[in-house]
Amino acid sequence: MRDTLGLTGLVGVALLILAVGLLTVYDPVIGGGIALLLAGLGLIAKGVADSAMRIFGLK
């Protein structure tokens with residue numbers, strides 16, 4: 001996974017998980033909502049990347 005994301009990407013993912021975990025400790029409903037929001041944004045980004053790759057004939 002380090003080859004794909006790089007060290008900066010892995011640190012970013014770790015910070016994201018830490019932040020959602022910290023929010024969930026204080027308020028589980030807010031933490032769950034933020035986790036769903038981030039998952040949705042990830043799916044949107046994946047869809048945009050897949051679409052761009054198809055346009056350029058890479059997929």
Side-chain angles (χ1 to χ4, degrees):
M1 189 159 174
R2 186 173 180 199
D3 295 336
T4 306
L5 289 177
L7 186 59
T8 306
L10 287 176
V11 171
V13 169
L15 284 174
L16 205 96
I17 291 171
L18 181 69
V20 171
L22 188 64
L23 275 172
T24 305
V25 167
Y26 287 113
D27 191 351
V29 174
I30 300 291
I34 295 294
L36 286 174
L37 174 76
L38 291 173
L41 287 174
L43 289 173
I44 290 171
K46 183 185 181 319
V48 168
D50 285 347
S51 186
M53 287 177 68
R54 253 186 253 113
I55 288 172
F56 292 115
L58 298 173
K59 195 168 185 178

Apart from [X] itself, what residues make up its hydrophobic cluster, given side-chain heavy atom links below 4.5 Å?
X     : result
Met53 : Phe56, Leu58
Leu15 : Val11
Leu43 : none

Contact list for [range], test side-chain hydrogen bond (donor to acceptor under 3.5 Å, both in side chains), sequence neighbours left out:
range          : value
residues 36-55 : Lys46-Asp50, Asp50-Lys59
residues 10-22 : none
residues 16-34 : none

Same cluster for Leu23 and Ile17 if Ile/Leu/Val/Met/Phe/Trp/Tyr side chains link at under 4.5 Å? no
Are Leu38 and Val13 joined in one hydrophobic group, where the rule is that I, L, V, M, F, W and Y side chains link up if heavy atoms are under 4.5 Å apart? no
Scanning both residues in full, the closest heavy-atom pair of Val20 with Ala35 reads CG1-CB, 4.0 Å
Would you mind reporting whether Ile34 and Ile30 have side-chain heavy atoms less than 4.5 Å apart? yes
Give, for atom CG of Leu41 and atom CG of Leu36, the distance between the pair rounded to the nearest 0.5 Å. 11.0 Å
